[in-house]
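Each ligand, and each atom within it, is numbered from 1 in the order the structure gives.
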Amino acid sequence: MAAALVWIPFLAGLLAGLGRAEAQQTTLHPAVGRLFVHTLDRETPLHLPEHVAVPPTVPVTYHAHLQGHPDLPRWLRYTQRSPHHPGFLYGSPTPEDRGRQVIEVVAYNRDSFDTTQQRLVLLIGDPEGPLLPYQAEFLVRSHDVEEVLPSTPASRFLIALGGLWEPAELQLLNITSALDRGGRVPLPIEGRKEGVYIKVGSASPFSTCLKMVASPDSHARCAQGQPPLLSCYDTLASHFRVEWCNVSLATARDFLTDALVTLLVPLLVALLLTLLLAYVMCCRREGRLKRDLATSDIQMVHHCTIRGNTEELRQMAASREVPRPLSTLPMFNVRTGERLPPQVDSAQVPLILDQH
Ligand SMILES: *[C@@H]1O[C@H](CO)[C@@H](O)[C@H](O)[C@H]1NC(C)=O
Ligand SMILES: *[C@@H]1O[C@H](CO)[C@@H](O)[C@H](O)[C@H]1NC(C)=O
């Protein structure tokens, strides 16, 4: 009875906890190969347990992990500038990440030590719309990663880049802090930033301007410490300081090409090996036969000798009167198998036949 009294409030608390967890589940739809950003802030659904919004002066930190694992999936990163700033979950899922991933987020109120849990159900699927095979990556020196993750600066970057490239169809593919790429933490001097890599994709080919910036001529100038060839007006310059020496352009193959390549390459290798084997088996062997003719001659003679000896042994077995095996006679010709008649006594045989 006493045990039941202890258990009832516990179960009630557990059920309440479950109910709360259910209420704080959010479903999101990241797309393969496209930038995904989720902002964690003190707005809904991250309330304190008593459902009171946390005032902005209260420091809040977050911890996020893949359900059943201590860490986040490889493609997803977490960043927060300070407990007074929002946190971000961001990244670009790869084709292997397709499917359902559940992320558990715990928010810590740093004043009251309250925690709140939230579940993000990520349903990762293929992107809609056209393929974006033309991909360019820019190193932006004037920003930290947290400053370009919110939608306003991100779309401002795309609009400004539209001045250099076909404005339609520009989409963010990936954002990476320069620190994650071996960049250095800047000195705490006003205005110095860590830098961020922004990867953009488009269905439209690169503009002449972009192609010139990434050309070997530009790289040669950059290697000598000179600015690259920027033939157009830098429409990004008013808000973003782009490191024009570090622009990289790539044309992504589409999935069909990828599939063909993964199928065709092993097939071609197999075909090549078959041809090589066929060549070795017939042509090379024929050549070697010719080369080995002399050797075969000797082997054939040897073979004849063996046959002769066998016949001789058979004769010996048939009649025990045969005096000695022919092969032991001095005039037995090893090469031709020619022999003197067995009746001839060895003592009377001259050493050299020609002298007979
Ligand atoms: C996004 O960038 C990160 C860091 O550079 C990289 O590890 C990851 O593979 C990129 N994702 C995609 C889909 O390109
Ligand atoms: C940027 O480009 C310059 C010149 O090509 C090169 O020396 C430098 O290492 C690059 N920096 C980064 C961070 O890639």
Side-chain angles (χ1 to χ4, degrees), residues 28-38 64 66 71-79 88-99 101 103 122-149 154 157-158 170-187 192-203 210-230 234 236-237 240-255 257-259:
L28 300 162
H29 297 268
V32 168
R34 303 285 191 272
L35 178 70
F36 164 82
V37 180
H38 180 71
L66 183 64
D71 302 312
L72 285 170
R74 273 173 64 99
W75 66 274
L76 195 61
R77 287 164 195 258
Y78 167 75
T79 183
F88 294 99
L89 285 169
Y90 70 103
S92 183
T94 65
E96 293 81 58
D97 297 310
R98 270 195 210 99
Q101 293 181 347
I103 307 296
L122 307 184
L123 302 177
I124 304 167
D126 286 321
E128 287 171 4
L131 293 173
L132 309 175
Y134 298 97
Q135 306 185 346
E137 191 170 56
F138 303 88
L139 171 54
V140 178
R141 284 273 188 224
S142 52
H143 288 66
D144 289 335
V145 68
E146 295 88 1
E147 295 173 316
V148 290
L149 287 174
F157 183 85
L158 289 185
L170 287 186
Q171 282 191 36
L172 291 171
L173 302 183
N174 208 350
I175 287 184
T176 320
S177 167
L179 295 184
D180 293 336
R181 295 270 200 97
R184 289 192 197 152
V185 178
L187 296 170
R192 290 272 193 107
K193 301 289 182 171
E194 294 160 4
V196 60
Y197 287 90
I198 302 182
K199 194 173 189 180
V200 177
S202 174
L210 281 182
K211 279 194 272 192
M212 197 173 279
V213 161
S215 70
D217 282 351
S218 284
H219 285 155
R221 288 172 58 97
C222 284
Q224 292 168 4
Q226 292 175 305
L229 303 161
L230 191 62
D234 182 357
L236 286 154
F240 300 93
R241 191 161 63 79
V242 170
E243 203 70 67
W244 287 110
C245 276
N246 301 82
V247 172
S248 61
L249 305 183
T251 311
R253 295 164 304 175
D254 58 51
F255 294 123
T257 321
D258 274 353

Glu243, Glu146, Glu147 screened by salt bridge (Lys or Arg N to Asp or Glu O under 4.0 Å) with Lys193, the one that passes: Glu147
So is there a nitrogen or oxygen of Asn174 less than 3.5 Å from a nitrogen or oxygen in ligand 1? yes
Run the ring pair (Phe, Tyr, Trp, His ring centres under 6.0 Å) test against Phe88 and tell me which residues pass, sequence neighbours left out. none
Evaluate the criterion side chain to side chain donor-acceptor pair (under 3.5 Å) for residue pair Asp180 and Ser177; output intermediate values, then yes/no. CA-CA 5 Å; Asp180 293 336; Ser177 167; 4.8 Å; no
Could you give the N/O to N/O pairs under 3.5 Å linking ligand 2 and the protein, each with its distance?
residue  : atom   : partner : partner atom : Å
ligand 2 : 2 (O)  : Asn246  : OD1          : 3.2
ligand 2 : 2 (O)  : Asn246  : ND2          : 2.5
ligand 2 : 11 (N) : Asn246  : ND2          : 2.6
ligand 2 : 14 (O) : Asn246  : ND2          : 3.0

For atom CZ of Arg74, is the number of surrounding heavy atoms from other residues, nucleotides or ligands below 6.0 Å larger than 12? no
Less than 4.0 angstrom from a charged side-chain N to a carboxylate O is my criterion; do Arg141 and Glu194 meet it? no
Between Leu66 and Pro73, which heavy-atom pair has the shortest distance, and what is it? CB-CD, 3.9 Å
